[in-house]
Amino acid sequence: MWKFLVIVLGVGWLLGQLIRYFLRSKLAKFAQHVNQVAKEAEREQRKSTQTSKDGIHVDVIPKKYAEKRQKDIRGGEYVDYEEVKE
């Protein structure tokens, strides 16, 4: 009876250690993969932006959007208001 209990506890402990080891290794590989994907995305983002001499990043704006944006800014409604002092 005691031998059986000791064997079961020993095998359970050994399996727990093995599971922890494999989970840590899988998590480490997953973390490396995520970091690599993030670095690649950052490189792609840097390629798509233009840098001026001042170090300011300017995204490329399509011509159609820029023209529409200028039209929206020129006009507008003016709301008249009065300042009320109490």
Side-chain angles (χ1 to χ4, degrees):
M1 176 77 174
W2 288 102
K3 286 183 183 181
F4 177 74
L5 186 61
V6 170
I7 291 172
V8 168
L9 289 176
V11 170
W13 178 80
L14 184 62
L15 286 176
Q17 294 298 322
L18 288 173
I19 289 172
R20 265 192 240 152
Y21 172 76
F22 287 118
L23 282 178
R24 284 182 186 161
S25 65
K26 290 292 183 183
L27 286 175
K29 286 181 183 179
F30 178 72
Q32 288 176 349
H33 177 70
V34 168
N35 285 336
Q36 183 180 7
V37 169
K39 286 180 182 179
E40 289 175 6
E42 185 177 347
R43 282 189 209 123
E44 289 297 322
Q45 186 178 9
R46 284 185 184 173
K47 287 181 182 178
S48 67
T49 59
Q50 298 174 352
T51 307
S52 67
K53 292 181 182 179
D54 296 333
I56 300 171
H57 296 288
V58 179
D59 290 334
V60 178
I61 300 174
K63 292 181 181 178
K64 291 181 182 178
Y65 180 75
E67 292 171 2
K68 181 182 174 189
R69 189 173 172 194
Q70 287 177 353
K71 290 178 185 176
D72 291 343
I73 294 174
R74 287 184 188 163
E77 294 182 17
Y78 178 76
V79 178
D80 193 20
Y81 70 96
E82 290 184 20
E83 193 172 322
V84 179
K85 294 184 181 180
E86 292 182 23

Contacts table for residues 3-31: side-chain donor-acceptor under 3.5 angstrom, sequence neighbours left out:
unit_1: Ser25; atom_1: OG; unit_2: Phe22; atom_2: O; d: 2.8

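The side-chain heavy atoms of Gln36 and Gln32, taken from C-beta on, include no pair separated by under 4.5 Å.
Under the rule for a side-chain hydrogen bond (donor to acceptor under 3.5 Å, both in side chains), the partners of Glu42 that lie at least two apart in sequence or sit in another chain are Arg46.
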